[in-house]
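Here's the structure, in structure tokens; my notes come after.
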Amino acid sequence: MDRRRMPALGACVLGSLLAACRGPQDYLRPIGAEERVAVLGSAALIGSGLVALLVIAVLAWVTFRRRGSFSEHGAIDEAAERQGVPLVKLWGLLLPALALFVAFIATLFVMRALPGSDAADCQPGTDDGSDIQVYGHQWWFEVKYTFAEPSQNVTTATEIHVPVGRAMNVALQSRDVIHSFWIPKLHGKVDMLPERVNHLRLEATEPGIYEGECAEYCGVQHAHMRLRVIAEPPAAYALWLESQRRPAPEPQEARLSLGKRTFEQSACGLCHTVRGSDAHGQVGPDLTHVASRGRIAGGAFPNDTATLAAWIVHAQELKPGAQMPDLPQFTGEQLTALTLYLRNNI
Ligand code: CUA
């Protein structure tokens, strides 16, 4: 590489690292119960950093302190050597053991204070709906809310809504390969496995949108497997649940009706469900209320009319390898109607 470019490259790397410090996925500044983990982590980092500095200082002191060569000293003074043994016992054994013991006890306290992640705490359908199942797919997240009364169940994708201040039981599983569920500001990574359910408790103590993603390489579009947690006041959350339970709005004009018919009669309905229509596909995301989501295509793109139309026709160019095929067969009128119909599914 051209040496003159080195400073620019260095500034670029440093800039990216610093920018990453305050991003939306800043795991060093979590909120809620995870804050305790961050405090413990910082304390451990500072403590071990100080010890490392001390060791380096002692090493430097020993290295540069001239005590002459072996030939100058003659025979090794065994009595003087033995004097050093208690020093080694204290600094090399006792103090590290003590430090590790303190760190161990502090870790136990932090673990106890975290919301429980026992499977026993997470029996589905036991209360008013704090049970969420998240399934990893190549390459999107399916989200189901399960209630004691099955008619109250809600299925969505790419976004998890939670009420602020309430720990939610989340059950994680995969429909295909191994994925990993990670909302850096709220929780550590948890694997999503095909044949085993993992559990966690998700709690946001402040309203906001928390970005997350798949954290285990799962194929070519792993980097485009994103999700977000939307934490809102309990009343807003209840309203959202209520709106998601309703079937998709019935088209009120001819173009929307054409869109619905096109959706039902083309390939769309084979893979996607829209409740309130004849489309019951189970391969792709449930699109009953797709217009209420901020992003499409597993979180890869913004959810607007132009992007949605482009996604319908050119999915393989936008997200190569995704299960969604290119659908170039629609006439302009059909595509416009289809897009408007989906944009109307609020
Ligand atoms: Cu799913 Cu990476």
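The figures here come from the full heavy-atom set of this structure, side chains too, leaving out hydrogens, waters and symmetry mates. Each ligand, and each atom within it, is numbered from 1 in the order the structure gives.
- Glu213 meets the salt bridge (charged side-chain N to carboxylate O under 4.0 Å, His left out) test with Arg226; sequence neighbours excluded.
- Protein atoms that are N, O or S and lie under 2.8 Å from atom 2 (Cu) of ligand 1 are these: Cys214 SG, Glu216 O, Cys218 SG, His222 ND1.
- Remark: Arg245 engages Glu242 in a salt bridge, criterion side-chain N to carboxylate O under 4.0 Å.
- One N or O on the side chain of Gln221 and one on the backbone of Pro320 form a donor-acceptor pair closer than 3.5 Å.
- With ring centers used as reference points, Tyr135 lies 6.0 Å or more from Trp140.
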Inset, instruction - Might you work through the salt bridge (charged side-chain N to carboxylate O under 4.0 Å, His left out) test for Lys260 and Glu250, ending with a clear yes or no? - result: CA-CA 9 Å; Lys260 183 181 179 187; Glu250 195 53 35; 3.1 Å; yes

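- Checked against the 6.0 Å centroid threshold, Trp139 and His224 do not count as a close aromatic pair.
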